[in-house]
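One structure below.
As a basis for the values below, the full set of heavy atoms in this structure was taken, side chains included, without hydrogen atoms, waters or symmetry mates.
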Amino acid sequence: MSNLNQFFTGIKSIQEGQILISSGSGSNTATISSVTTSKSVCTFNGSRGNSTAGYVATVQLTNATTVTAMRTGSPAADTTVGYTVTEYY
């Protein structure tokens, strides 16, 4: 049934994950299975941590196999950032 669903939606793959940005750091990366960047979208799925107030987190598909999570500043607390990469046909 999933192949039929993919036919109708045009979705080739969906990859989800979380990236931990350690205290004192402004970014970190995650490795994903290779996607065609021109046919893919990376979405932000929220962030959580002990001290995320005032720090804006974002995600970016850096290249075919890397998602980068970034936050403003370098607070003295860990932040976990969620992402989804959707690749289309």
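Of the inter-residue distances, the one linking Glu87 atom CD with Ser34 atom OG reads 7.5 Å to the nearest 0.5 angstrom. In this structure, Thr86 OG1 and Lys12 NZ are separated by 13.5 Å, a value rounded to the nearest 0.5 Å. The CG atom of Asp78 sits 12.5 Å away from atom OG of Ser47, with the distance rounded to the nearest 0.5 Å. One distance of note links CG of Asn28 with CG of Leu20; it measures 6.5 Å at 0.5 Å rounding.
None of Val67, Thr66, Thr65 except one satisfies the side-chain contact (heavy atoms from CB on, under 4.5 Å) rule with Thr29; the exception is Thr66. The side-chain contact (heavy atoms from CB on, under 4.5 Å) with Met70 is formed by just one residue from the set Ile19, Thr58, Ile21, Val56; it is Thr58.
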List the steps, then state whether side chain to side chain contact (heavy atoms under 4.5 Å, CB included) holds for Leu61 with Ile32.
CA-CA 10 Å; Leu61 183 59; Ile32 61 170; 3.9 Å; yes
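Val35 and Ile14 are not part of a single hydrophobic cluster, where members link through side-chain heavy atoms under 4.5 Å apart. Val85 and Phe44 fall within a single hydrophobic cluster, where Ile, Leu, Val, Met, Phe, Trp and Tyr side chains are chained together by heavy-atom contacts under 4.5 Å.
Closest heavy-atom contact between Val81 and Ala57: CG2-CB, 4.0 Å. Residues Gly82 and Val59 approach most closely at O-CG1, 4.0 Å, considering heavy atoms.
The closest side-chain donor-acceptor pair between Thr68 and Thr62 falls under 3.5 angstrom.
Between Tyr83 and Thr43 there is no side-chain heavy-atom pair separated by less than 4.5 Å.
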